Amino acid sequence: MATRPILVLPDPRLRAIADPIEKVDDGIKALAQDMLDTMYDAPGIGLAAPQIGELKRIVVMDLAPEGEPPAPIVMINPEILKFSDETVVTEEGCLSIPELYYEVERPAEITVRYTDLDGKTVERDANERLAICIQHELDHLDGVLYIDYLSRLKRDRVLKKFQKAEKLAKRAS
């Protein structure tokens with residue numbers, strides 16, 4: 001299919017709330033393939049539709065270890081049904097906030113429900129990297145970025161850095 005440009009902070013579309021998908025049709029299947037192509041090209045392990053300017057509730061991810069065959073996951077209209085009380089702290093990064101990584105605390109295990117590309121409802125338990133990735137990508141659907149979990153000081157520093165980069169890029173063009 002096609003790779004698409006990934007939006008970068010401070011693009012306001014990253015803060016928008018995505019709309020539910022009414023039905024899984026050829027357009028949604030093509031969007032999912034474009035998202036996977038874009039994610040693999042980046043390279044990343046997850047991508048939400050708002051990150052490519054599509055305000056739709058769909059995310060893609062692939063956590064297959066390097067050297068193993070791809071294992072893509074497509075989640076349409078995903079929702080987390082259950083969070084564990086236990087939390088973990090892991091380093092996160094984001095294709096929309098390139099080259100920055102911070103420690104984030106999230107629930108260690110979740111249960112998620114979503115529609116797959118065949119239109120079937122799937123309920124799945126997730127832990128470790130998959131649970132973290134799902135939470136990170138689903139946050140994008142609600143306009144939440146992983147930097148929102150940082151202290152205000154760190155978050156403000158990140159925002160200022162990207163706002164400055166955007167101004168410099170506009171001046172240069």
Side-chain angles (χ1 to χ4, degrees), residues 1-80 90-102 104 106 110 112 114-120 122 124 126 128-149 158-159 161-163 165-166 169-170 172-173:
M1 287 290 196
T3 60
R4 304 228 203 147
I6 296 173
L7 304 180
V8 176
L9 197 68
D11 192 300
R13 291 170 288 181
L14 293 170
R15 295 301 192 169
I17 296 175
D19 296 320
I21 292 170
E22 299 301 321
K23 70 177 199 177
V24 180
D25 57 18
D26 289 343
I28 294 300
K29 290 177 182 179
L31 173 60
Q33 189 58 57
D34 285 357
M35 290 173 64
L36 286 165
D37 292 345
T38 302
M39 177 190 75
Y40 290 131
D41 185 62
I45 61 168
L47 187 71
Q51 291 180 272
I52 58 167
E54 294 279 348
L55 296 180
K56 294 180 169 65
R57 296 190 81 78
I58 179 172
V59 300
V60 299
M61 57 196 79
D62 189 337
L63 279 72
E66 201 170 321
E68 290 194 16
I73 300 168
V74 177
M75 296 183 176
I76 298 165
N77 297 328
E79 61 178 317
I80 297 175
T90 57
E91 188 177 72
E92 292 188 31
C94 181
L95 296 174
S96 293
I97 309 172
E99 300 173 15
L100 289 181
Y101 301 89
Y102 288 99
V104 176
R106 294 187 186 267
I110 61 166
V112 63
Y114 60 93
T115 302
D116 68 13
L117 285 175
D118 295 322
K120 295 188 177 88
V122 177
R124 172 178 196 164
E128 299 174 359
R129 276 182 84 207
L130 180 58
I132 302 308
C133 188
I134 291 169
Q135 291 173 77
H136 177 108
E137 297 309 328
L138 269 57
D139 275 351
H140 278 295
L141 302 179
D142 294 318
V144 175
L145 302 173
Y146 86 97
I147 59 170
D148 296 336
Y149 295 96
V158 171
L159 290 171
K161 175 181 177 165
F162 281 89
Q163 287 164 344
E166 182 185 47
K170 281 182 180 172
S173 60

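Sequential numbering from 1 along the given sequence is applied to the chain's residues. Predicted model, so just to flag it, every value in this text is computed and none were measured.
Ionic pairing of R13 and D11 is present here: one or more N-O contacts between side-chain nitrogen and carboxylate oxygen are shorter than 4.0 angstrom.
Taking a 6.0 Å sphere around CG of D118, one finds it holds more than 12 heavy atoms contributed by other residues, nucleotides or ligands. The number of heavy atoms from other shown groups lying within 6.0 Å of CD (E79) is above 12. Under a cut-off of 6.0 angstrom, the local environment of CD in E22 is sparse, with at most 12 non-hydrogen atoms contributed by other residues, nucleotides or ligands.
Heavy atoms only, all atoms of each residue included: V112 and L138 are closest at CG2-CD2, 4.3 Å. Heavy-atom minimum distance, P69 versus A64: O-CB, 3.4 Å. Scanning both residues, C133 and L63, for their nearest heavy atoms gives SG-CD1, 3.9 Å. Nearest heavy-atom pair across I58 and A32 is CD1-CB, 3.9 Å. Listed here is the closest heavy atom pair of H140 and P50: O-CG, 3.8 Å. Nearest heavy atom pair, residue P72 against residue Y40, reads CB-OH, 3.5 Å.
Rounded to the nearest 0.5 angstrom, E54 CD and I21 CD1 are separated by 9.5 Å. Summarising the geometry, atom CG belonging to L95 is positioned 9.0 Å from atom CE belonging to M39; distances are rounded to the nearest 0.5 Å. Rounded to the nearest 0.5 Å, atoms CG (L145) and CD (E92) are 11.0 Å apart. To the nearest 0.5 angstrom, M35 atom CE is 8.0 Å from E137 atom CD. Note that SG of C94 and OH of Y102 are 13.0 Å apart. Values are rounded to the nearest 0.5 Å. From D19, atom CG reaches atom CG of N77 across 10.0 Å, with rounding to the nearest 0.5 Å.
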Go through it in stages, so that I can follow the logic: the residues are K161 and I97, the test is side-chain contact (heavy atoms from CB on, under 4.5 Å), and I'd like the CA-CA distance, side-chain angles, deciding distance and then a yes or no.
CA-CA 10 Å; K161 175 181 177 165; I97 309 172; over 6 Å; no
side-chain contact (heavy atoms from CB on, under 4.5 Å) between I132 and V104, intermediate numbers included:
CA-CA 10 Å; I132 302 308; V104 176; over 6 Å; no
Determine, stepwise, if the pair K56 / I28 fulfils side-chain contact (heavy atoms from CB on, under 4.5 Å).
CA-CA 9 Å; K56 294 180 169 65; I28 294 300; 4.0 Å; yes
Test side-chain contact (heavy atoms from CB on, under 4.5 Å) on I147 and L159 and set out the steps.
CA-CA 9 Å; I147 59 170; L159 290 171; 4.1 Å; yes
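The side-chain contact (heavy atoms from CB on, under 4.5 Å) with Y114 is formed by just one residue from the set M75, K120, R57; it is M75.
The side-chain heavy atoms of Y146 and L100, taken from C-beta on, include a pair separated by under 4.5 Å. Side-chain atoms of L36 and V74, non-hydrogen and from C-beta on, do get closer than 4.5 Å to each other. R106 has its side chain out of reach of I134: every pair of non-hydrogen atoms, C-beta onward, lies at least 4.5 Å apart. The side-chain heavy atoms of M61 and L130, taken from C-beta on, include a pair separated by under 4.5 Å.
A donor-acceptor contact shorter than 3.5 Å links the side chain of D62 to the backbone of A71. A distance-only check finds no donor-acceptor pair linking the side chain of Q51 to the backbone of I6 [under 3.5 Å]. D34 places a side-chain N or O within donor-acceptor distance of the main-chain N or O of A2, the cut-off being under 3.5 Å.
With hydrogens and angles left out, the side-chain atoms of D139 and Q135 include no donor and acceptor closer than 3.5 Å.
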